Amino acid sequence: MRPRPTKNKLPPPSWHSIPQDALSAGQKRKNGEILFQSPVMGVRGLQGFVGSTCPHICTVVNFRELAEHHRSRYPGCTPTVVVDAMCCLRYWYTPESWVCGGQWREYFSALRDFVDSFASVGIKLVFFFDGMVEQGKRNEWVKRRLKNNREISRIFHYIRSHREQPGRNMFFIPSGLAIFTRFALKTLGQETLCSLKEADYEVASYGLQYNCLGILGEDTDYLIYDTCPYFSISELCLESLETIMLCREKLCESLGLLVADLPLLACLLGNDVIPEGMFESFRFKCLSSYTSVKENCDKKGNIILAVSDHISKVLHLHQGEKKLEEMLPLGPNRALFYKGVASYLLPGQSSPWFFQKPKSLIMLDKQVISMSSDPESKQGVPICTEPESKQGVPICTEPESKQEVPMCTPESKQEVPMCAEPESKQEVPMCAEPESKQEVPMCAEPESKQEVPMCAEPESKQEVPMCAEPESKQEVPMCAEPESKQEVPMCAEPESKQEVPMCAEPESKQEVPMCAEPESKQEVPMCAEPESKQEVPMCAEPESKQEVPTCAHPEIKQQLPEETDSDFNLEVPMYAHPKIKEDNPMDMDSEIKQQVTLVSDPEILKVARMHHIQAESYLVYSIVSSGEIECSNTLEDELDQALPSQAFVYRPVRQRVYTLLLGSCRDDISASLAVKEWFVYPGNPLRHPDLVRPLPVIIPGGTPNLKSLWLNQEPAVQARRLDALLACFNLSSSRDELLAVESPLRALCCLLIYLFVQVDTLCLEDLHAFVAQALCLQGKSTAQLVDLQLEYISPRAVQLGSLLVRGLTTLALVNSACGFPWKTSEFMPWNVFDGKLFHLKYLQSEKGYSVEALLEQNRSWLTRFHNLKAVVCKACMKENRRIVGRGHWSSHHTGGQGVGIAAHLSLGVVGPG
């Protein structure tokens with residue numbers, strides 16, 4: 001096993017006597033040193049408050065002991081920890097070198113150690129990754145990306161000034177780390193899931209439904225959700241398997257609140273849904289009237305105490321009698337606030353803060369959800385079961401209950417008592433272990449018939465459920481999609497009063513108006529695509545109503561009981577495990593053909609969704625469902641105009657993928673069709689997405705449809721899949737040469753050809769460095785890679801390393817879009833790329849080292865080197881691209897701008913800013 005840096009055994013909880021707020025913003029203690037870390041996700045100020053004011057809510061626990069206790073209490077049940085993987089990336093990335101593009105072999109070894117440590121004590125891990133950015137959280141996503149841009153600028157400034165990697169206090173995760181971590185964990189045999197929205201809700205739901213030992217992550221939202229225990233990844237000692245458990249019940253005791261009050265507190269403090277400044281004046285008023293201000297507590301801590309005091313002493317007096325907007329200054333933010341509170345409610349849970357109007361219907365994530373827990377309601381309560389389980393297991397969701405929430409039943413037939421809400425007397429079910437074979441009661445059966453209040457359309461006489469728009473208070477009739485059995489609201493345009501039918505995508509539950517706003521006069525700037533010279537609109541309609549689908553795992557058409565005022569059009573995320581199926585009872589006539597997705601074939605959507613959830617594909621489902629994708633920050637030097645951003649370099653590939661995914665499924669693909677790209681690059685303020693149109697993709701023999709590429713199992717189709725992949729990179733003419741290259745270098749060779757054709761500022765020395773590192777990597781152990789030493793750090797080599805890794809992520813997109821012609825192992829970075837090794841070869845090549853020296857005098861690699869180089873150079877010559885040495889290049893490229901400026905000009909942006 002690879003040596004791993006030893007982490008000291010955790011001290012008692014008194015470690016929190018060092019306030020988190022004493023650290024500078026964005027920093028975190030680990031192993032006694034200050035590590036750079038992005039601000040903790042979740043509730044604003046809560047992490048620092050816990051560390052400085054409420055250290056007693058933190059308890060040192062040992063996973064080995066927890067697992068043994070779980071097994072003794074629930075025989076036959078496997079202790080399971082659900083992992084918020086996005087919170088753990090910084091913890092997992094232990095290699096010393098991080099700026100050169102990633103130490104992927106070393107990282108893969110660290111992941112294996114992590115998995116093995118938990119497996120050694122019999123704990124099963126389930127990993128969740130963010131799959132999409134919710135529209136309601138887009139502003140927060142943009143804010144963090146722009147902050148990351150400033151951090152990256154400082155990193156490159158440091159490198160140019162010191163010619164070395166910055167200290168760990170400026171650590172930035174390598175590009176593509178989240179994407180390739182999914183594939184690495186699947187390679188290690190771990191259950192890995194990708195969410196259809198941001199993962200925290202699905203993590204909390206999974207932990208509750210499957211009776212998990214706890215959640216491992218670093219997000220204070222897990223203190224707010226009423227779910228299983230929350231463990232800190234940043235405080236985990238892997239050798240001893242000790243960490244800190246943060247107890248929400250003890251937090252409530254300290255604040256004088258109930259667990260059911262925590263969502264209200266979180267929204268008043270600010271979170272990823274509610275901007276922190278929205279209730280700043282309200283918090284100040286609470287602080288002004290707070291009489292128990294603690295001198296040893298900072299201002300943020302006292303604000304949390306003051307707001308909590310206001311909730312417990314003022315708001316509780318009128319709970320259930322007045323609406324929240326009558327007790328709080330919600331103003332125009334009323335609907336958003338309700339949405340924020342409701343976003344913490346897991347399946348089967350309700351909030352006492354929602355004004356009770358039994359059986360009133362609201363829209364939550366475009367699904368009709370009754371917010372009443374009225375025991376007379378005929379609507380079933382959702383139940384969670386393990387995939388193979390036949391037994392429903394109850395849980396207690398009553399906030400005042402002191403009973404442990406997670407419950408699991410052994411394999412025996414013994415019944416488990418149900419815990420009922422004292423007011424509603426409604427039994428709330430829980431989950432069973434996968435091995436359990438006992439029967440499942442309640443409404444998890446596919447044929448569940450849930451009653452929904454109906455109204456009759458005046459002309460059709462057909463019963464249609466009603467919902468109310470938040471502003472107009474006008475009842476909105478609902479329709480159902482024939483394939484998805486989903487209820488769809490009829491939206492009335494505020495000015496025209498005309499009803500606009502809304503159609504729901506059968507898998508994603510996304511709503512899109514079926515007609516454009518007739519009075520919209522806003523002009524959309526256009527840009528010219530690099531290859532097509534076709535003008536492309538650069539900004540999205542600011543008032544666009546299209547939303548990224550936020551529904552849950554496949555096959556779920558779930559309706560949940562809630563309670564709230566029907567004036568509010570709340571959008572609450574829904575989660576259900578893919579193997580639990582519940583049909584929507586609103587099954588309308590199958591003749592209705594309206595679709596919201598860019599791809600209308602339900603079979604294709606189902607396959608794309610399945611691959612997405614199982615973390616087997618990248619971006620494909622987002623393209624075919626919502627037509628909106630994003631890519632986070634890349635280590636790119638905004639001052640180096642000679643190297644274009646990866647967003648531009650690989651855009652033509654993505655455009656051909658759009659044609660493959662969208663054009664083959666739509667006979668009416670029009671010039672106006674565009675995919676929204678939220679790609680981070682220098683100079684992009686991210687005020688709106690780039691609207692990118694598809695490019696023609698020329699495949700020998702014609703373009704196959706997606707059903708053929710994805711579903712046809714005939715051997716001959718595999719060749720067509722490869723043809724499609726090569727066509728996306730415009731490499732069809734080099735097919736035979738690429739097929740002659742051995743695995744795993746074939747995919748890398750494909751990528752290098754594309755890069756050198758696209759970027760004319762790449763030179764022969766760069767090619768030598770890329771090829772030499774790929775060959776030398778095959779003969780080096782992880783320990784040898786760790787021991788590599790670099791004379792200095794080159795900012796250009798840093799960006800080249802990131803450019804190649806982003807190319808590997810693009811290969812993941814194309815491979816999944818084309819039906820997986822290549823095994824994923826062919827383009828996994830630990831098989832073809834090592835950042836520090838590439839950097840070493842780059843520096844050597846820049847100094848004029850011979851090929852023999854680059855290959856470390858290994859003659860067996862020499863022939864392979866020249867063969868790979870010949871394949872790349874020959875393919876480039878077919879595109880009139882001659883790869884020359886840096887000396888020759890410098891004398892013929894005085895400006896050194898190459899594709900970099902061309903790409904920026906095509907978007908109306910020159911350089912940063």
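In this text, all values refer to a predicted model and were calculated from it rather than measured experimentally.
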Problem - Salt bridge flag under 4.0 Å for residues Lys147 and Glu151 - result: yes
Exercise for the section: Determine yes or no for a side-chain-to-main-chain donor-acceptor pair under 3.5 angstrom, with Asn831 supplying the side chain and Glu826 the backbone. Expected result: no
Practice task
Using distance alone, with no hydrogens and no angle criterion, decide if Tyr681 and Asp690 have a side-chain donor and acceptor under 3.5 Å apart.
Solution key: yes
Exercise for the section: Indicate yes or no for a side-chain donor-acceptor contact from Ser845 to the backbone of Glu765 under 3.5 Å, with no hydrogens or angles considered. Expected result: yes
Exercise for the section: Using distance alone, with no hydrogens and no angle criterion, decide if Tyr658 and Glu677 have a side-chain donor and acceptor under 3.5 Å apart. Expected result: yes
Handout entry: Close aromatic pair by centroid cut-off 6.0 Å: Phe820 and His611
Key = yes
Exercise for the section: Would you check if the distance from the ring center of Trp92 to the ring center of Tyr107 is below 6.0 Å? Expected result: no
Problem - Basic-acidic side-chain contact under 4.0 Å: Arg886, Asp766 - result: yes
Handout entry: Parallel, tilted or perpendicular: rings of Phe729 and Tyr754 (30°, 60°)
Key = perpendicular
Problem - Test applied, ring-ring contact (aromatic ring centres under 6.0 Å, His included); reference residue, Phe770; option that passes from Phe838, Tyr842, Phe833 - result: Phe838
Exercise for the section: Tell me whether the centres of the aromatic rings in His768 and Phe865 are closer together than 6.0 Å. Expected result: yes
Handout entry: Check against side chain to side chain contact (heavy atoms under 4.5 Å, CB included), Leu185 and Phe129
Key = CA-CA 11 Å; Leu185 291 170; Phe129 287 81; 3.8 Å; yes
Practice task
Tell me, yes or no, whether the heavy-atom count around Leu739 atom CG, taken from other residues, nucleotides or ligands under 6.0 Å, exceeds 12.
Solution key: yes
Exercise for the section: Give the intermediate values and the outcome of side chain to side chain contact (heavy atoms under 4.5 Å, CB included) for residues Glu638 and Ser153. Expected result: CA-CA 7 Å; Glu638 62 182 355; Ser153 295; 3.0 Å; yes
Problem - Arg796/Asp637 under salt bridge (Lys or Arg N to Asp or Glu O under 4.0 Å): CA gap, chis, key distance, verdict - result: CA-CA 8 Å; Arg796 184 174 184 273; Asp637 187 359; over 6 Å; no
Handout entry: Residue pair Gln103 / Asp834, side-chain donor-acceptor N/O under 3.5 Å
Key = yes
Exercise for the section: Look up atom CD in Glu879 and atom CD in Gln758, then write down how far apart they are to the nearest 0.5 Å. Expected result: 9.5 Å
Practice task
Flag the pair Trp710 / Ile604 as yes when at least one side-chain heavy-atom distance between them is below 4.5 Å, and no otherwise.
Solution key: yes
Practice task
Answer whether the closest heavy-atom distance between the side chains of Phe156 and Asp640 falls below 4.5 Å.
Solution key: no
Exercise for the section: Mark yes or no for whether Lys676, through its side chain, and Ser626, through its backbone, hold a donor-acceptor pair below 3.5 Å. Expected result: no
Problem - Donor-acceptor side-chain pairing of Arg145 and Asn148 below 3.5 angstrom - result: yes
Handout entry: Salt bridge flag under 4.0 Å for residues Glu616 and Arg182
Key = no
Practice task
Evaluate salt bridge (Lys or Arg N to Asp or Glu O under 4.0 Å) for Arg138 paired with Glu630, printing each intermediate quantity in order.
Solution key: CA-CA 10 Å; Arg138 178 64 70 185; Glu630 56 274 325; 2.9 Å; yes
Exercise for the section: Nearest 0.5 Å please: distance from the CZ atom of Phe183 over to the CG atom of Leu188. Expected result: 13.5 Å
Exercise for the section: Test ring-ring contact (aromatic ring centres under 6.0 Å, His included) on Trp822 and Phe827 and set out the steps. Expected result: CA-CA 9 Å; Trp822 280 341; Phe827 48 86; 7.3 Å; no
Exercise for the section: Give a yes or no on whether the backbone of Cys728 and the side-chain of Arg656 come within a donor-acceptor separation of less than 3.5 Å. Expected result: yes
Exercise for the section: Consider only side-chain N and O atoms of Glu106 and Thr782, and report whether a donor and an acceptor are under 3.5 Å apart. Expected result: no
Exercise for the section: Spell out, as yes or no, whether a donor-acceptor pair under 3.5 Å connects the side chain of Lys841 to the backbone of Leu854. Expected result: yes
Exercise for the section: Show your reasoning for whether side chain to side chain contact (heavy atoms under 4.5 Å, CB included) applies to Trp861 and Arg864. Expected result: CA-CA 5 Å; Trp861 293 339; Arg864 298 172 68 192; 4.0 Å; yes
Fill in the blank from the handout: Residues Ser825 and Pro744: closest non-hydrogen pair is O-CB, 4.4 Å
Problem - Point-to-point distance, once rounded to the nearest 0.5 Å, from CZ of Arg693 to CG of Leu662 - result: 14.0 Å
Practice task
Dump the intermediate steps for side chain to side chain contact (heavy atoms under 4.5 Å, CB included) on Lys878 and Ser734, then the final yes or no.
Solution key: CA-CA 9 Å; Lys878 292 180 181 179; Ser734 300; 4.1 Å; yes
Practice task
Specify the closest pair of heavy atoms between Gly101 and Val805, including all atoms of both residues, with the distance to one decimal.
Solution key: O-CG2, 3.6 Å
Fill in the blank from the handout: Here the gap from Leu706 atom CG to Leu711 atom CG, rounded to the nearest 0.5 Å, amounts to 9.0 Å
Exercise for the section: Quick one: do Glu742 and Arg746 satisfy salt bridge (Lys or Arg N to Asp or Glu O under 4.0 Å)? Show the steps, please. Expected result: CA-CA 6 Å; Glu742 72 274 18; Arg746 185 184 302 117; over 6 Å; no
Problem - Minimal non-hydrogen separation, Leu813 against Arg654, with atom names - result: CD2-CG, 4.1 Å
Practice task
May I ask you to decide if Ser794's main-chain N or O and His839's side chain share a donor-acceptor pair within less than 3.5 Å?
Solution key: yes
Exercise for the section: Indicate yes or no: at least one non-hydrogen side-chain atom of Leu762 is less than 4.5 angstrom from one of Leu643. Expected result: yes
Completion exercise
Closest heavy-atom pair, Ser802 versus Thr634, reported as atoms and distance to 0.1 Å, is CB-CG2, 3.6 Å
Problem - Heavy-atom donor-acceptor pair, Asp84 side chain to Ala199 backbone, under 3.5 Å - result: no
Practice task
State, without any angle test, whether Gln646 and Gln799 hold a side-chain donor-acceptor pair at a distance under 3.5 Å.
Solution key: no
Handout entry: Check: Phe171 ring centre within less than 6.0 Å of Trp98 ring centre
Key = yes
Practice task
State, to 0.1 Å, how close Pro821 and Leu725 come at their nearest heavy-atom pair, and which atoms those are.
Solution key: CG-CD1, 3.6 Å
Fill in the blank from the handout: In this structure, CD1 of Ile173 is separated from OG1 of Thr181 (nearest 0.5 Å) by 8.0 Å
Exercise for the section: Would you check if the side chain of Arg881 reaches a backbone N or O of Phe756 as a donor-acceptor pair within less than 3.5 Å? Expected result: yes
Exercise for the section: Report yes or no: does Lys836 contribute a side-chain atom to a donor-acceptor pair with the main-chain N or O of Leu788 at less than 3.5 Å? Expected result: yes
Handout entry: Spacing of CD belonging to Glu134 relative to CH2 belonging to Trp141, to within rounding of 0.5 Å
Key = 14.0 Å
Handout entry: Lys143 atom NZ, neighbour heavy-atom count above 12 within 6.0 Å
Key = no
Handout entry: Heavy-atom closest pair, residues Ala747 and Leu811
Key = O-CD1, 3.7 Å
